[in-house]
Every structure is written in C-alpha cells, then in structure tokens.
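Reviewing the structure listed below.
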Amino acid sequence: MLSGVMLLCSLGLGACAVLLQQPHDVVVVAGQPVTLQCAITGYHGMVLWVKDGLALGVNRDLSGHPRYEVVGDHSKGEYHLLIQQTNLSDDGSFECQGIQAAIRSRAARLTVLVPPDDPVIIGAPVVSLRSGNPLNLTCRANNAKPAASIIWTRNGEVLNGAMYTKTLQRDGQEESTVSTLYISAANVESGQRITCRASNKAAPNGKEATVTIDVQHVPLVNLSVEPQPILEGNLVKFHCSAKANPPVTHYRWAKGGGVIRSVMGDSYEVVVDHTFFTEPVSCEVANALGSTNVSRNVDVYFGPRLAAEPQSLQVDLGSDAVFTCAWTGNPSLTIVWMRRGHGVVLSNENTLTLKAVKPEDAGKYVCRAVVPRVGVGEKEVTLTVNGPPTISSTQTQQALYGEKGQIKCFIRSTPPPDRIAWSWKETVLESGTSGRYTVETVSTEEGVISTLTMSNIVPADFQTIYNCTAWNSFGSDTEIIRLKEQGSLRLAVIIGVAVGAFLALVVLMGTLGAFCCARLQRSLKGVVSAKNDIRVEIVHKDHNAAREQDEHTNMKQMMMERGEFQQESVLKQLEVLHEEEQEFQHIKDPTNGYYSVNTFKEHAAPSVAVAAQSTETRNPGASTLVKQRVPTGMSFTNLYSTLGAGPSHRLYDYGRFMLGTGGSSIELCERELQRGGGPLGDSASFAEAQVEGGGCAPSDKASKASASSSSSQRSHSSSQGSEATRPVHKRMQTHV
C-alpha cells in the first residue's frame with residue numbers, strides 16, 4: 001500500500017490516499033441497525049460500497065437501497081455504511097473501494113441472525129384429552145436463524161424425552177424447529193400448565209408458549225345413605241355427589257331397575273321398607289362424555305318375609321315327604337320346623353324331610369322364621385298320607401227302644417274310600433234303604449261319616465252285631481259296633497242314685513236300724529235273704545270287663561283277616577249264650593239257705609282263642625302291612641262255604657273265638673262239651689283238657705262234685721256250663 005501511495009505520489013496525482021478504517025465481520029440481529037467502517041484520507045475521488053460483488057452506489061448516493069446510508073465526515077474522508085433494520089437480505093460480504101486510488105478494503109462478513117417466531121403449541125391454549133389416554137404435545141418454532149432449540153417445562157421442571165425435527169426454509173437461510181412431547185396417562189393431571197421455550201443466538205432468552213391440560217372424564221360418583229342401619233318404616237336420605245369434566249348435565253334415580261321420575265336432583269328421601277334390602281337404589285350422573293351409575297342397598301331391619309312358600313304334600317304310605325320353605329329377614333333369621341300341636345323342633349334348615357311316613361305322621365306342619373328383636377313369621381302346610389282306611393268309631397252306641405236309632409262309622413281315608421258297607425246278619429247295605437235300615441254317607445274335612453239308621457228299634461237290634469267296613473286302593477278296615485239300649489242305662493243311674501241316697505238315710509236314721517237293714521238287704525244286688533239266722537251271700541264280680549275289649553279286638557281281627565261279615569249262625573249262638581247267662585244269674589241257693597257260703601279270691605278262667613292264619617300282605621312300596629280286601633257282593637252263605645262249612649263241619653269248628661255279650665264271655669268249645677260233641681269228646685275229657693296258648697280252661701273237679709251232691713240234674717247242668725266261663729271259685733268249708 002505504501003508503494004501504491006508512493007506510486008500515486010510520484011505521478012503527481014495529488015496528496016497520497018491512505019485507507020485508515022475498513023469494515024470488519026459483524027453479526028447483527030435482524031431488525032437492528034449496523035454500521036460498517038470505511039475511512040480514506042488524502043483521497044478526493046469516488047468511494048464505492050460493494051455487497052457480494054455488486055456496487056451499492058457512488059459516494060453518498062445509495063438511492064437504490066433506502067435502508068442503506070453513507071455517513072461520516074466527508075472532510076476527513078469517512079464513508080461509513082449505515083444499514084437500518086437489518087434483515088436477512090443484508091446478510092453478505094461488504095467492501096469499501098476508492099476507485100481512482102485503486103483502494104479496496106478487505107471483505108467484511110455481515111451476518112444477520114433471525115430469532116424464531118413465537119413458538120406455537122398445537123391445540124393451545126387448552127389441550128383436552130379423555131381420562132386414561134396419554135398426552136402428546138407438539139411445539140413449532142419457525143423462521144429462525146439459526147434453527148431454534150426447544151425446551152419443555154412443567155412447573156419449572158424440564159421435561160425430557162421430547163423429539164426434535166428441523167426444516168430449512170425456502171430462502172435457504174431460515175429454519176423451522178418442531179418438538180413433540182409424550183406424557184403417559186398416569187402422569188397427566190387436569191389443570192396442569194406445560195411450557196414450550198424456543199431460543200437461538202438471536203433470542204438467547206427464548207420465546208415461550210404455554211398450554212393448559214384439560215383431562216376430561218365421565219362423572220365420578222359417590223352415593224351415600226344416611227342413616228344406616230335403619231328399621232323398616234323410617235325415613236332415609238340418599239345423596240349423590242359427582243365430579244365431572246365436562247360438567248354434569250343431569251341426574252337419574254332408580255330402584256330395583258325402575259326409574260323414579262319424580263326425583264331430578266342430587267338427593268332422594270324416602271320411607272324404606274323391606275324391598276330396599278334386596279332392591280338397590282341407583283344414582284346415574286351424565287355429562288357430555290357419558291354417564292356413571294352407582295347403586296347402594298339399604299341395611300333395613302325387617303321381620304321374616306316368605307321367599308319360597310312351602311306346599312302341602314300327599315304321599316303314599318312308606319314314602320319320604322320333603323317340605324321346603326325359604327324366608328328372608330334382616331338381621332339373620334332362624335328357621336324352625338315343627339308339627340302343629342307338638343313342641344319338638346324337627347329341623348332348623350329350609351328343608352324338612354320325613355322318612356318312610358306312617359299314618360300317624362299325617363297332620364299339619366309349621367315352618368317358622370324368627371328375626372331377633374324384629375319379628376316372627378310362620379307358614380302351615382298339611383301332610384296327607386295315602387294308605388288304607390282307618391275307622392275310629394265308638395264300639396258301643398246307644399238307642400232308645402221303639403225310637404229311631406243311628407249307628408255312626410267315622411272313616412279317615414286318603415284317598416277317599418271307594419266303598420263303605422254295613423253288614424249284619426245276612427244283610428249287606430252300602431247305600432240307600434233296605435226295610436227298616438237306611439245308609440247315608442257324608443264327607444267332612446276330617447273324614448267320611450257313614451250312618452246306619454234304623455226306623456224303629458226292636459229288641460233284636462240290641463242283640464245284633466253290626467260291621468262297618470271301608471275300602472280304598474291301599475286296603476281296608478273294619479269295625480264291629482253293638483247297639484245298647486239307652487233306657488237301661490238311665491235306669492241303672494237312677495238305681496245307683498237311689499242306693500246312694502238310701503245309704504245316707506241309713507246313717508242318719510240309726511235308730512231305725514232293723515227296719516233299714518231289712519230294706520237295705522232287699523236293695524243290695526247279690527244278697528239273697530233265706531232265713532233270719534242263715535244267709536247265703538253270693539258275690540258277683542264282672543270278671544269279663546277287662547276281657548271284653550280283648551274279645552272285641554280278637555273278633556274284629558279275625559273278621560278283617562278272613563274278610564268276613566258276621567254270620568247268622570254266630571248271632572244265634574250269641575242269643576243262646578245270653579239266655580244261659582240270664583239263667584245263671586237267677587240260680588238260687590241249692591241248700592235253700594241252710595249253709596252259709598262265702599267266696600274267696602276270684603281267678604279268671606283262661607280264654608279260648610284260635611290263632612287264625614294272617615292273610616296280611618306286605619306292600620312292597622310302602623313296606624307296611626295291608627289288610628286283604630273283603631270280597632264284594634259275597635253273601636253269608638258263600639262266606640260260610642268259604643270257611644269250609646259242610647255236612648262234616650260245624651260253625652264252631654272254624655269260629656272258636658271269644659264272643660262278648662253284656663258283662664260275661666262264654667267259650668264255644670265248652671258249649672260243644674255240654675252238647676256232647678265236638679273235638680274235645682265227653683265232659684270228663686273236656687274237664688281234663690289242657691289247651692296251651694288259648695284253649696279251654698280246665699275244670700275244678702272237686703268243686704263240681706260238691707255242687708252235684710246238693711242240686712238237681714238241671715241245676716248241675718247249668719252250673720257246669722256256666723262254670724267254664726266264670727272264674728274258678730274256691731269255696732269255704734260249709735258249716736251250720
């Protein structure tokens with residue numbers, strides 16, 4: 001340069017031109033002014049600024065570039081280039097040249113920096129997402145030179161893990177930066193503020209954009225019930241509180257699935273009953289995203305309520321009966337199965353099982369439930385047992401002589417009886433009228449009543465044995481009924497009252513002892529007055545009273561086993577025996593009162609019984625004995641033939657059983673003995689005969705011999721016949 005100056009000086013072109021100031025590299029932020037230095041002393045020629053090889057103007061005339069201006073003191077040779085509001089177009093290489101002096105400054109690099117545009121978060125200012133979904137945020141910083149860097153922060157804390165991308169703009173100088181931030185659903189909370197900060201050299205403090213996170217969800221509902229527990233019939237309040245984003249739009253209440261349209265708000269008050277224990281109350285809360293339903297049961301205390309009603313049963317004899325019932329109650333209840341009228345607990349379960357039921361199991365059963373301190377409930381069921389009929393009638397019934405009389409037969413039968421028949425002598429009548437007799441049958445809740453009505457009672461009716469028999473598909477039952485004259489009972493009562501009054505009168509009137517004693521002796525039964533100094537006292541005792549029931553049972557059992565009605569021949573036998581008993585009761589003292597005879601302790605004579613072969617058959621299903629069905633339509637003649645009666649057989653050969661008439665019993669085998677025939681032979685053999693398990697009673701030979709020596713042949717025969725059926729008496733030694 002010195003050589004140049006020197007060169008210029010030697011040529012005489014004027015003073016020497018010297019480049020005192022020249023531009024340097026400058027970095028400027030777009031929008032800011034910048035001045036490039038250029039000062040040449042000793043030079044009065046043209047000064048030129050060149051940008052990237054292109055002249056901007058001569059001297060101070062830069063009219064083509066309005067933002068460009070040459071400034072400085074011209075007298076001092078200052079030609080500084082001032083650029084107002086620099087931009088990217090100013091970025092380049094600048095030179096200052098003195099053309100006549102051939103002076104060029106070095107090239108100075110003007111670098112224009114561009115801060116990024118304000119960053120933008122997609123979806124800002126509020127980003128909404130549904131609860132449970134992750135969050136993805138995108139922040140873009142455009143038109144930056146150099147490219148902006150982006151940082152994410154939340155509450156001052158830097159969030160890492162963002163992904164960046166840079167894109168060069170079309171001008172080839174500016175760049176755009178995009179950053180994507182991923183946040184898991186667990187770390188997302190509604191209301192959070194997340195910031196995106198973009199910065200470069202032009203904006204070292206950076207520029208920020210902030211977004212608010214709005215986590216949306218269906219309503220979060222809580223249903224409260226107050227008070228609990230609560231007794232049935234009291235008021236309870238339901239409150240439905242909800243948190244929702246977006247806000248709640250409506251409430252809906254329901255009970256047991258049924259909508260309660262009268263309630264619209266967040267509270268519901270109601271008087272509760274037992275249904276609130278099993279049917280929950282629900283509150284449904286809805287918003288723009290959906291709805292949430294919450295249900296609650298009420299802890300209601302209530303007494304037993306029947307959930308499964310037990311049913312009455314009808315089962316066959318020997319089968320199992322199973323009853324089932326179910327109750328609900330709160331607090332916990334206790335179930336008890338019992339039989340009506342009995343205090344025994346049969347089961348504490350919902351099920352009651354009766355194994356192999358018998359007729360006596362039939363009846364009413366109760367399923368009872370107890371809720372402590374609240375209440376008790378019960379349900380009754382009936383067990384009906386299918387089986388043979390059962391007849392429960394009074395064996396001796398009464399009627400008035402000459403009046404209309406009735407005999408009733410009460411029958412319990414499940415299923416109902418197919419047939420009911422009355423039989424006496426040779427008559428069998430099931431219904432309707434036959435002569436003086438009418439049979440009527442009436443059904444009641446307890447059973448069936450069959451009534452045999454006699455239009456006009458005659459003496460023979462009191463001597464007849466009546467048989468009531470009932471059948472159904474399971475078997476049969478029979479009952480023997482006798483008719484007793486009602487008037488004789490009244491007479492006996494009158495006599496008893498008279499005797500009692502008379503005895504009282506005797507005590508009060510002791511001064512009249514002789515007269516009263518005579519009257520008393522005539523009144524007392526069993527005392528026979530013969531002489532004033534010698535008396536024969538005959539003590540009569542009803543020794544057959546205890547046996548009468550057994551005889552009736554034996555007779556009934558035999559008839560049921562053989563399936564027979566009473567036969568006329570047996571009835572005739574009864575009449576003969578009755579006559580002999582009356583004759584025995586009127587026997588007078590054979591000594592004509594000469595001896596005083598007293599009796600010692602009586603000994604009942606053994607009864608004669610024949611064990612009949614049982615025709616009972618076992619029902620395989622019920623495992624119980626079933627009686628053989630009596631043949632229907634069979635006459636007494638046929639029955640007699642069935643028993644084997646014929647020329648060589650007699651009725652008593654097949655009917656050796658005890659017959660009761662009044663207060664005495666006479667064995668048919670001894671009657672045969674008196675008649676000189678039968679299986680036992682003559683009187684002697686009969687007296688010595690020993691029958692084990694129900695034969696004829698042996699006779700007291702000494703007693704019979706004593707009686708024979710003091711009585712007539714007729715008296716002897718009668719006494720001997722009666723002796724077999726009366727208790728054996730040991731007689732005292734006679735004396736005068």
Side-chain angles (χ1 to χ4, degrees), residues 19-40 43 45-74 76-120 139-150 164-179 196-209:
L19 184 62
L20 297 177
Q21 294 179 343
Q22 58 182 326
H24 298 279
D25 293 341
V26 179
V27 176
V28 65
V29 176
Q32 295 178 354
V34 66
T35 300
L36 299 177
Q37 301 293 325
C38 182
I40 303 174
Y43 179 70
M46 292 184 295
V47 177
L48 182 68
W49 279 95
V50 178
K51 177 182 179 291
D52 297 331
L54 297 176
L56 299 177
V58 178
N59 296 331
R60 298 183 183 276
D61 183 12
L62 300 175
S63 58
H65 301 276
R67 291 184 298 108
Y68 290 5
E69 180 182 359
V70 176
V71 296
D73 188 353
H74 181 71
K76 296 179 179 180
E78 295 176 350
Y79 294 91
H80 304 312
L81 178 63
L82 173 63
I83 303 175
Q84 301 286 347
Q85 297 179 345
T86 57
N87 56 34
L88 282 178
S89 62
D90 301 329
D91 188 275
S93 177
F94 289 85
E95 291 181 4
C96 177
Q97 296 177 3
I99 297 177
Q100 285 87 358
I103 297 174
R104 297 180 62 182
S105 69
R106 64 180 178 85
R109 181 68 185 176
L110 177 61
T111 302
V112 178
L113 301 180
V114 179
D117 295 341
D118 291 338
V120 176
C139 180
R140 180 184 295 274
N142 296 327
N143 304 321
K145 183 187 177 187
S149 61
I150 297 176
Y164 297 90
T165 59
K166 296 180 181 181
T167 304
L168 185 64
Q169 301 295 318
R170 290 183 178 181
D171 60 7
Q173 298 185 57
E174 295 179 318
E175 291 180 294
S176 295
T177 304
V178 177
S179 177
C196 169
R197 179 183 295 172
S199 64
N200 63 1
K201 292 180 179 179
N205 294 328
K207 296 181 177 180
E208 294 181 349

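Since the model is a prediction, treat every value here as computed from it, not as a measurement.
- Rounding to the nearest 0.5 angstrom, the gap separating the CG atom in Leu36 from the NE2 atom in His24 is 10.0 Å.
- Val34 meets the side chain to side chain contact (heavy atoms under 4.5 Å, CB included) test with Val26, Val28, Ile83, Thr86, Leu110; sequence neighbours excluded.
- In this structure, the side chains of Gln37 and Thr35 come closer than 4.5 Å at one or more pairs of heavy atoms.
- Between Val112 and Asp91, the shortest heavy-atom distance links the atoms N-OD2, 2.6 Å.
- Under the rule for a side chain to side chain contact (heavy atoms under 4.5 Å, CB included), the partners of Ala144 that lie at least two apart in sequence or sit in another chain are Pro116, Ala148, Asn200.
- If you take NZ on Lys166 and CD on Glu175, they are separated by 6.5 Å, rounding to the nearest 0.5 Å.
- A donor-acceptor pair under 3.5 Å is absent between the side-chain atoms of Asp73 and the main chain of Glu78, judged by distance alone.
- With sequence neighbours excluded, the residues forming a side-chain hydrogen bond (donor to acceptor under 3.5 Å, both in side chains) with Ser179 are Trp152, listed by chain and number.
- You'll find the side chain of Pro115 reaches within 4.5 Å of the side chain of Val29, heavy atoms only.
- In this structure, Ser199 contributes its side chain and Asn205 its backbone to no donor-acceptor pair below 3.5 Å.
- Scanning for salt bridge (charged side-chain N to carboxylate O under 4.0 Å, His left out) contacts around Arg106 gives an empty result, with sequence neighbours left out.
- Cys38 contributes atom SG, which lies 10.0 Å from atom CG of Leu20 (distance to the nearest 0.5 angstrom).
- The CG atom of Leu54 sits 10.5 Å away from the CZ atom of Phe94 when rounded to the nearest 0.5 Å.
- Screening residues 52-63 for salt bridge (Lys or Arg N to Asp or Glu O under 4.0 Å), with sequence neighbours left out, gives no hits.
- Considering only heavy atoms from C-beta on, Val47 comes within 4.5 Å of Cys96 through its side chain.
- Shown here are the side-chain hydrogen bond (donor to acceptor under 3.5 Å, both in side chains) partners of Glu208, two or more places apart in sequence or in another chain: Arg197.
- Scored by the side-chain hydrogen bond (donor to acceptor under 3.5 Å, both in side chains) test, Gln97 finds Glu95 as partners (sequence neighbours excluded).
- For Asn59, the side-chain hydrogen bond (donor to acceptor under 3.5 Å, both in side chains) test picks out no residue, with sequence neighbours left out.
- Residues meeting the ring pair (Phe, Tyr, Trp, His ring centres under 6.0 Å) test with His74, sequence neighbours left out: Tyr79.
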Inset, instruction - Could you go through the side-chain contact (heavy atoms from CB on, under 4.5 Å) check for Val178 and Thr167 one step at a time? - result: CA-CA 8 Å; Val178 177; Thr167 304; 5.8 Å; no
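- Within a 6.0 Å radius of CD in Gln84, more than 12 heavy atoms belonging to other residues, nucleotides or ligands are found.
- Judged as a salt bridge (charged side-chain N to carboxylate O under 4.0 Å, His left out), and not counting sequence neighbours, the contacts of Lys207 are Asp118.
- Between atom CD1 of residue Ile103 and atom OH of residue Tyr43 there is a gap of 7.0 Å, rounded to the nearest 0.5 Å.
- Considering all non-hydrogen atoms of both residues, Val27 and Leu113 come closest at CG1-CD1, 3.4 Å.
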Legend entry - Evaluation steps, side-chain contact (heavy atoms from CB on, under 4.5 Å), between Leu56 and Leu81: CA-CA 10 Å; Leu56 299 177; Leu81 178 63; 4.0 Å; yes
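- Scored by the side chain to side chain contact (heavy atoms under 4.5 Å, CB included) test, Asn143 finds Asp117, Gln169, Glu174 as partners (sequence neighbours excluded).
- Of all non-hydrogen atoms in Ala198 and Ile150, the two that sit nearest each other are CB-CG1, 4.2 Å.
- Between Ala30 and Val114 the shortest heavy-atom distance is CB-CG2, 4.0 Å.
- Taking the side chain to side chain contact (heavy atoms under 4.5 Å, CB included) definition, one finds that Ser89 meets it with Arg67, Asn87, sequence neighbours left out.
- One distance of note links NZ of Lys145 with OG1 of Thr111; it measures 6.5 Å at 0.5 Å rounding.
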